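Here's the structure we're looking at; comments come further down.
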Amino acid sequence: MSKKWKPKFGKFVRRSEAWRHAIFDPGSDICLQWNRVFLFSCLVALFVDPLFFYLPTIVQSGGSTSTIVQAEGSTCMAIDLKLGITVTCFRTIADVFYLMHIVFKFRTAYVAPSSRVFGRGELVVDPELIARRYLRTDFFVDFIAALPLPQIMIWFIIPLIKTAQSDYTNNALVLVVLLQYIPRFYLIFPLSSEIAKANGVVTKTAWAGAAYNLVLYMLASHVTGSAWYLCSIERYATCWKYLCEQDIETQTRCQSSYLVCNNLEKPDRKAWAGTTRVFSKCDPNNASDPNVFDYGMFSNALSKQVASATFTEKYLYCLWWGLQNLSSYAQSTNTTTFVGETLFAIVLAVMGLVLFAHLIGNMQTYLQSLTARLEEWRLKRRDTEEWMSHRQLPQNLRGRVRRYVQYKWLATHGVDEDAILHQLPADLRRDIQRHLCLDLVRRVPFFSQMDDQLLDAICERLVSSLITQGTYVVREGDPVTEMLFIIRGRLESSTTDGGRSGFFNSIALRPGDFCGEETLAWALVPNSNANLPSSTRTVTALEEVEAFALRAEDLKFVANQFRRLHSKKLQHTFRFYSHQWRTWAASFIQSAWHRFKRRKMAHNLSISESLSSLPLLEHDETETTAAAAAEEEEEEIPSEPEQSVAVKRLALRFVANTRRGNLRVKDVQMPKLVKPQEPDFSREGRDEGGSLF
């Protein structure tokens with residue numbers, strides 16, 4: 001691509017020129033939208049062109065303004081002028097789209113064939129090269145499809161033929177419309193291919209694809225019915241011309257100009273109409289005349305007066321006839337030996353077979369794709385039932401399997417999300433995971449303290465998990481393989497402290513809680529071994545649970561890559577919301593409370609026993625006083641050690657009473673709960689890894 005061209009919104013604009021000189025990228029949204037609009041206009045044009053076949057009508061003379069008038073049994077052929085004006089207007093609008101498409105193709109880049117060795121290839125944006133390539137390939141077909149040939153034929157050529165030769169025929173109109181209808185019909189195939197190449201499919205949904213194929217089938221019925229109507233008019237005109245050439249019984253010789261409604265009021269024409277038998281011999285309802293003309297497969301259009309009905313009645317009947325015979329492969333038609341009629345029936349049968357096999361087959365494929373996932377799930381469920389029956393599983397296990405399969409279908413509808421994500425680039429997969437998981441992850445208080453970069457790394461590795469009611473997520477003592485963050489539902493987490501008798505603790509985990517925090521302590525150890533940590537709790541689903549799972553190896557990778565996971569703030573958040581730490585903290589507080597109560601009881605008992613021993617102390621003091629008085633009598637000055645005997649005796653009795661009180665409350669003790677393993681939130685394991693208590 002040349003440097004003087006710059007890309008802008010799906011087109012390449014020359015830096016020194018205006019936007020009208022832009023070259024469009026064939027894979028851009030602008031080209032894709034235009035191709036869709038042009039495809040729709042092509043379908044409309046293919047619908048409009050066969051309407052020219054309804055212009056000829058059979059008119060019976062009289063004073064009415066309608067296309068069919070009953071009077072004197074004289075008939076003629078004319079053109080429906082109102083219908084011609086309407087169809088010409090729609091055809092002209094469709095021609096404008098074809099001209100716009102030609103201009104658009106002159107400004108659309110193409111991929112150089114020599115650059116398709118690797119990747120998409122290089123775009124050629126030189127206008128001269130684009131024009132040369134377009135003139136050599138598709139320009140002739142597009143130009144023929146854009147010419148207003150039917151308008152020229154209807155408004156200029158046919159009136160001149162009628163005036164010069166006084167003979168009315170539809171062969172020229174049929175030839176022109178069919179010759180231009182073929183390239184117009186051909187254009188929808190490369191156009192559909194370009195849309196599928198840029199977008200993957202022509203239609204975005206299965207219903208739209210089915211409707212598109214149904215429209216093509218109805219379009220074929222519309223073309224078939226229109227051609228059948230025109231051939232019916234042509235056969236009626238052939239009967240008139242054939243009998244007119246042999247009409248020698250009347251005084252006024254028949255002329256071909258008498259069949260045209262413009263000459264209906266001429267005296268010679270009126271005189272001929274009163275004596276001729278042309279109309280009676282060409283009447284398809286005149287079954288009594290053995291010499292009546294045999295119309296074969298076109299008799300219904302004339303006997304049921306389809307050619308003399310209003311346009312709405314005429315069109316709907318012909319559409320029904322085309323749809324009926326395409327669906328039945330023309331089996332219900334009765335043909336004559338006329339070659340043209342036989343060839344028309346053969347083409348009708350072959351086209352019905354091909355269209356029914358292709359279009360209806362594609363339509364069935366699109367409709368089946370709507371229920372493909374459901375059918376696949378039904379087959380898997382049947383295989384599961386057969387396997388459970390073959391292995392003779394008990395009813396409780398079968399019920400659990402059925403609940404899990406049913407719940408997984410309701411949650412995912414059979415779509416393998418992991419397989420879809422793994423096919424995408426890493427950056428796109430990260431953005432999708434962030435969109436799906438970030439808001440849900442922020443509901444978890446443990447994650448709400450992390451920055452966006454760390455959350456992106458965690459969201460990229462989160463895996464959705466579905467847990468049915470009654471399922472054990474992990475049992476106490478089993479290895480913990482993942483950390484589970486609850487989004488919806490409730491879990492029950494219980495522990496027996498390693499099977500200790502008389503101990504049981506149970507809590508309920510709700511949305512925003514997590515379990516499996518042993519893996520975090522294992523992942524934050526710098527040199528942890530390959531052995532996964534053992535679970536200290538048993539986790540059971542109380543109802544259907546939707547959660548995100550973070551595998552142990554992914555958690556270790558995140559912990560090793562991001563130092564922000566080793567912060568003091570995150571440490572306190574983890575301890576606050578960890579139910580394992582909450583259980584240990586509750587047990588620690590209960591143990592401290594019981595120690596306090598035990599010490600307080602011992603103190604109260606010691607005080608009460610001290611008060612009860614006061615009379616004994618007074619009696620001892622009296623005896624000691626009497627003995628001291630006697631000694632005083634014997635000795636005037638007593639010795640100092642003898643005075644402290646009573647104090648020592650009192651101290652010994654106080655110690656003995658205290659020991660007896662301690663023995664009485666020895667049996668009032670709480671079982672000690674082991675403190676949970678604390679995650680090493682620091683790299684060295686010494687900086688910020690201290691205990692809360």
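Computed from a predicted structure; not experimentally measured.
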Where Leu532 and Pro479 come nearest, the two heavy atoms and their spacing: CB-CB, 4.3 Å

Shortest non-hydrogen separation from Arg429 to Leu421 and the atoms involved: CD-O, 3.2 Å

Beyond-backbone contact of Val473 with Leu484, side-chain heavy atoms, under 4.5 angstrom: yes

Straight-line distance of Ser465 OG to Glu482 CD, nearest 0.5 Å: 6.0 Å

Ile486 CD1 to Leu509 CG distance, which is reported to the nearest 0.5 Å: 4.5 Å

Test side chain to side chain contact (heavy atoms under 4.5 Å, CB included) applied to Leu550 and Val463, Leu462, Thr519, the passing residue: Leu462

Shortest non-hydrogen separation from Ser192 to Leu39 and the atoms involved: OG-CD1, 4.1 Å

Atom pair CZ/CG of Arg537 and Leu491 - distance to nearest 0.5 Å: 12.0 Å

Test salt bridge (Lys or Arg N to Asp or Glu O under 4.0 Å) applied to Asp383 - qualifying residues, sequence neighbours left out: none

Non-hydrogen atoms of Gly489 and Pro511 that approach each other most closely: O-CD, 3.3 Å

Cation-pi, Tyr472 ring and Arg475 (6.0 angstrom, 45 degrees): yes

Validation row: Leu32, Ile195 side chains within 4.5 angstrom (heavy atoms): yes

CZ-CD1 distance between Arg434 and Ile432, expressed to the nearest 0.5 angstrom: 13.5 Å

Heavy-atom side-chain proximity of Arg36 to Phe40 below 4.5 angstrom: no

Short side-chain to backbone donor-acceptor contact, Thr495 and Thr536, under 3.5 Å: yes

Close side-chain approach of Thr481 and Arg551, heavy atoms under 4.5 Å: no

Asp431 side chain vs Leu428 backbone, donor-acceptor pair below 3.5 Å: no

Check: Asn604 side chain, Lys600 main-chain N or O, donor-acceptor pair, under 3.5 Å: yes

Donor-acceptor list for residues 395-404 side chains, cut-off 3.5 Å, not counting sequence neighbours:
| unit_1 | atom_1 | unit_2 | atom_2 | d |
| --- | --- | --- | --- | --- |
| Arg398 | NE | Leu393 | O | 2.9 |
| Arg398 | NH2 | Met388 | O | 3.2 |
| Arg402 | NE | Glu385 | OE2 | 2.7 |
| Arg402 | NH2 | Glu385 | OE1 | 3.3 |

Carboxylate-amine/guanidinium contact Arg430 Glu460, below 4.0 Å: yes

Leu379 vs Glu376 side-chain heavy atoms within contact, under 4.5 Å: no

Leu123 side chain near Pro26 side chain, heavy-atom distance below 4.5 Å: yes

Nearest-0.5 Å distance, OG1 of residue Thr468 to CD of residue Glu544: 6.5 Å

Sub-4.5 Å side-chain heavy-atom contact between Glu476 and Thr496: yes

Flag side-chain contact, heavy atom, 4.5 Å: Leu555 against Met483: yes

Listed partners of Glu543 passing salt bridge (Lys or Arg N to Asp or Glu O under 4.0 Å), at least two apart: none

